Amino acid sequence: MKRWILILAILALPVAAEDTRQFAKLTPQAQETLRQEMLDNLLAVNSIITMLAANQVKEAGEVAEKELGRGAMGKNAHLPFEARPGPQMPRDMHQLAISGHFAASDFANIAKSGDREKALSALPAVMGTCIACHASYRTR
Ligand code: HEC
């Protein structure tokens with residue numbers, strides 16, 4: 001009886017769906033840069049949401065500009081080419097990365113007003129670029 005339950009449980013496991021995202025071939029060094037940047041991105045998003053919840057709207061905008069916005073662009077320029085993810089990305093992927101920076105700066109500009117409702121309404125555009133890139137591209 002128990003064995004049947006085990007077999008049923010195994011049959012019920014979802015089959016891993018095929019990953020149809022476009023493969024972006026980055027050097028291992030660039031992947032490492034990207035991964036660290038991504039962990040920082042997640043931290044930044046969390047800070048922004050935490051600050052919005054605490055009604056620290058302007059501060060949320062400052063974090064967005066510095067960590068995700070135009071202010072965060074080009075920060076890998078000093079690295080050797082093989083460690084820079086941006087220029088190794090397919091053009092459309094790189095374009096998504098750039099529009100993510102712009103969306104974060106748009107959010108930051110709106111947050112300067114201190115108006116939380118307006119700032120909140122500009123946040124989905126920022127998250128949208130995270131989602132769009134993750135849904136379309138893989139590096140492994
Ligand atoms: C231009 C494409 C792109 C954009 C935009 C993007 N990501 Fe990523 N992200 C990636 C790729 C590619 C990986 C996988 C990196 C790898 O493991 O090689 C990744 C991985 C991650 C990871 C996992 C890191 C780990 O430990 O493996 C997190 C977390 C993450 N992204 C958060 C974010 C957040 C938050 C945003 C938006 C603010 C964002 N990303 C925007 C491409 C992107």
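Below, each value reflects all heavy atoms present in this structure, side chains not excepted, and no hydrogens, waters or symmetry copies. We count ligands from 1, going down the list as the structure has it; atoms in each ligand are counted the same way. Quantities reported herein were computed from a predicted structural model and do not represent experimental measurements.
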*Verify the neighbour count for atom NZ of Lys75: are there more than 12 heavy atoms of other residues, nucleotides or ligands below 6.0 Å?*
yes
_Out of the candidates Leu43, Leu42, Thr50, only one should pair with Asn46 under the side-chain contact (heavy atoms from CB on, under 4.5 Å) rule; please name it._
Thr50
*First locate atom OG of Ser121, then atom CD1 of Ile110, and finally report the distance between them rounded to the nearest 0.5 Å.*
6.0 Å
_Identity and separation of the nearest protein heavy atom to atom 27 (O) of ligand 1_ = Arg35 CD, 3.2 Å
*Indicate whether any N or O donor in one side chain lies under 3.5 Å from an N or O acceptor in the other, for Glu82 and Thr27.*
no
*For Ala97, take its heavy atoms, then give the atoms of ligand 1 lying under 4.0 Å from any of them.*
1 (C)
*Report, in ascending order of atom number, the atoms of ligand 1 lying under 4.0 Å from any heavy atom of Leu39.*
24 (C), 26 (O)
*Least distance between heavy atoms, Phe81 atom then Pro87 atom*: CE1-CB, 3.6 Å
_Proximity to ligand 1 by part of Arg140, non-hydrogen separation under 4.0 Å_ = side chain
*Sort by chain and number the protein N/O/S atoms that are closer than 2.8 Å to atom 8 (Fe) of ligand 1, and list them.*
Met38 SD, His134 NE2
*asked:* Distance alone, cut at 3.5 Å: any donor-acceptor contact between the side chains of Asn76 and Glu37?
replied: yes
*Give the atoms of ligand 1, by number and element, whose distance to some non-hydrogen atom of Thr129 is under 4.0 Å.*
5 (C)
*Run the numbers for me: atoms of ligand 1, each under 4.0 Å from some heavy atom of Thr139, listed by number.*
12 (C), 14 (C), 15 (C), 16 (C), 18 (O)
_Between OG1 on residue Thr129 and CZ on residue Phe102, distance to nearest 0.5 Å_ = 12.0 Å
*Do the non-hydrogen side-chain atoms of Tyr137 and Met89 ever get within less than 4.5 Å of each other?*
no
_Strictly less than 4.0 Å: does any protein heavy-atom distance to atom 23 (C) of ligand 1 fall in that range?_
no
*When rounded to the nearest 0.5 angstrom, what is the spacing between NZ in Lys58 and NZ in Lys112?*
11.0 Å
